[in-house]
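No experiment lies behind these values; they were computed from the predicted model shown.
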Amino acid sequence: AKIEAPISPTLATIRAVIASDTDPNESSDAMLSAKESYLNAISILEGSAAGADGEQSAADTSKEQAAAMLELAWLQLWLGNDVADAERRVADAAARSEMDEDARARFDGWILFRQGYLEDAISTLTPLQDSDPAARLGLAMTLEQQGMLQDAAKHYLELSNGAAGTLIGIWSFHRLGTLLGSPVPMTEEA
């Protein structure tokens with residue numbers, strides 16, 4: 001079935017991740033749809049902030065805007081789409097709502113990876129890998145790009161087992177199969 005815009009950011013994200021390993025045109029269309037969906041949600045939140053009654057309501061809306069900006073930035077970095085725009089969105093989100101140090105480091109590591117600073121990306125993402133699946137995914141992708149396929153495969157396996165019910169886990173499961181050159185047997189839980 002053909003999905004028509006506007007769709008929810010969640011559905012658009014799922015579609016973009018699924019399409020990321022398909023035809024480049026389909027992948028690009030899905031990412032464009034996801035970006036439109038997030039920008040529409042951010043615009044709606046900005047409109048509700050303008051009409052918000054009270055300081056607390058405006059602060060809540062600002063946090064929601066920041067969260068949507070970070071989700072879009074993360075998707076752009078994960079799927080390798082427009083790193084400069086993702087970097088601007090992270091800065092915008094940080095200006096609207098406070099980011100903790102680990103979240104900032106995760107984004108810094110992903111940006112370094114996408115800019116081609118692989119060693120710096122590894123040193124930034126490694127301390128976060130045990131507690132942050134997105135950081136571990138960035139580390140796996142960086143290692144893969146460096147040609148360290150066995151190390152990358154170990155991280156993809158960890159993600160596919162530890163985050164099995166998430167987009168990161170499912171994507172990692174398929175990426176592991178691609179690296180190994182054959183389908184990976186599903187776990188009993190899956």
Side-chain angles (χ1 to χ4, degrees), residues 9-10 12-14 16-21 27-28 30-32 34-35 38-39 42 62-180:
T10 301
T13 297
I14 293 167
V17 171
I18 290 170
S20 69
D21 283 337
S27 177
S28 178
M31 186 60 213
L32 183 60
K35 185 174 181 179
Y38 274 101
L39 293 177
I42 292 166
S62 187
K63 285 181 182 180
E64 290 173 0
Q65 290 171 15
M69 288 175 186
L70 290 175
E71 287 175 20
L72 175 56
W74 152 243
L75 186 61
Q76 289 175 302
L77 291 168
W78 180 6
L79 302 181
N81 179 283
D82 201 353
V83 177
D85 187 58
E87 197 170 9
R88 281 191 300 277
R89 294 202 187 283
V90 171
D92 263 2
R96 292 173 193 256
S97 183
E98 189 175 332
M99 282 178 68
D100 70 26
E101 288 181 34
D102 286 349
R104 183 68 227 190
R106 177 188 343 107
F107 278 107
D108 289 345
W110 271 93
I111 290 167
L112 288 165
F113 162 59
R114 288 301 184 187
Q115 290 174 335
Y117 301 107
L118 303 181
E119 291 298 328
D120 293 334
I122 289 171
S123 65
T124 303
L125 294 169
T126 297
L128 305 170
Q129 69 178 324
D130 292 334
S131 61
D132 187 337
R136 184 180 290 272
L137 178 61
L139 182 58
M141 292 174 72
T142 305
L143 292 167
E144 181 181 354
Q145 188 159 340
Q146 270 197 325
M148 301 173 72
L149 302 183
Q150 193 170 32
D151 292 333
K154 288 177 186 176
H155 287 289
Y156 288 135
L157 177 61
E158 175 66 32
L159 286 165
S160 66
N161 290 332
T166 68
L167 281 176
I168 288 175
I170 295 166
W171 192 90
S172 296
F173 178 81
H174 288 284
R175 190 72 208 129
L176 177 61
T178 301
L179 277 181
L180 297 175

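Interatomic distance, CG of Asp108 versus OH of Tyr117, reported as 13.5 Å (0.5 Å rounding). Taken from CG in Leu139 to CG in Leu118, the straight-line distance is 11.0 Å, to the nearest 0.5 Å. Atom CG of Leu125 sits about 8.0 Å away from atom CG of Leu112, to the nearest 0.5 Å. Atoms OG1 and CE, on Thr13 and Met31 in that order, are 8.0 Å from each other to the nearest 0.5 Å. Atom CH2 of Trp171 sits about 8.0 Å away from atom CG of Leu79, to the nearest 0.5 Å. Expressed to the nearest 0.5 Å, how far CD1 of Ile14 lies from CG of Leu167 amounts to 5.5 Å.
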*Quick one: do Lys35 and Asp82 satisfy side chain to side chain contact (heavy atoms under 4.5 Å, CB included)? Show the steps, please.*
CA-CA 11 Å; Lys35 185 174 181 179; Asp82 201 353; 3.9 Å; yes
*side chain to side chain contact (heavy atoms under 4.5 Å, CB included) between Glu87 and Gln115: does it pass, once the steps are laid out?*
CA-CA 11 Å; Glu87 197 170 9; Gln115 290 174 335; 3.5 Å; yes
*Run the side chain to side chain contact (heavy atoms under 4.5 Å, CB included) check on Ser20 and Trp78 step by step: do they pass?*
CA-CA 10 Å; Ser20 69; Trp78 180 6; over 6 Å; no
*side chain to side chain contact (heavy atoms under 4.5 Å, CB included) evaluation trace for Leu72 with Leu39*: CA-CA 8 Å; Leu72 175 56; Leu39 293 177; 4.1 Å; yes
_salt bridge (Lys or Arg N to Asp or Glu O under 4.0 Å), that's the test. Do Asp92 and Arg88 meet it? Break it down for me._
CA-CA 6 Å; Asp92 263 2; Arg88 281 191 300 277; over 6 Å; no
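Side-chain contact between Met99 and Val90: present, with at least one pair of heavy atoms (C-beta onward) separated by less than 4.5 Å.
In this structure, Ser172 contributes its side chain and Gly169 its backbone to no donor-acceptor pair below 3.5 Å. With hydrogens and angles ignored, the 3.5 Å screen pairs a side-chain donor or acceptor of Ser62 with a backbone N or O of Arg96. Thr178 places a side-chain N or O within donor-acceptor distance of the main-chain N or O of His174, the cut-off being under 3.5 Å. The backbone N or O of Asp120 lies less than 3.5 Å from a partner atom in the side chain of Ser123, making a donor-acceptor pair. Judged by distance alone, the side chain of Arg114 and the main-chain N or O of Leu77 form a donor-acceptor pair under 3.5 Å.
Between Leu176 and Ser160, the shortest heavy-atom contact is CD2-OG, 4.4 Å. Summarising the geometry of Gly109 relative to Ala121, their closest heavy-atom pair is O-CB, 3.5 Å, with the distance given to 0.1 Å. Across all their heavy atoms, Leu75 and Tyr38 have their closest contact at CD2-CE1, 4.4 Å. Across Ile170 and Ala164, no two heavy atoms sit closer than the pair CG1-O, 3.7 Å. Residue Ala12 comes nearest to Ala34 through the heavy atom pair CB-CA, 3.5 Å, listed as atom of the first residue, atom of the second, then distance. The two residues Pro133 and Leu159 make their nearest non-hydrogen contact at O-CD2, 3.6 Å.
Salt bridge absent: Arg106 and Asp102 never bring a charged side-chain N and a carboxylate O closer than 4.0 Å. Between Arg89 and Asp85 there is a salt bridge, with a side-chain nitrogen of the basic residue lying less than 4.0 Å from a carboxylate oxygen of the acidic one.
The aromatic rings of Trp110 and Phe113 stand perpendicular to each other, their planes meeting at an angle above 60°, with 30° marking the opposite boundary.
Atom CD of Gln146 has more than 12 heavy atoms from other residues, nucleotides or ligands within 6.0 Å.
Each of Arg136, Arg175, Glu144 was compared with His155 under the side-chain hydrogen bond (donor to acceptor under 3.5 Å, both in side chains) criterion, and only Arg136 meets it.
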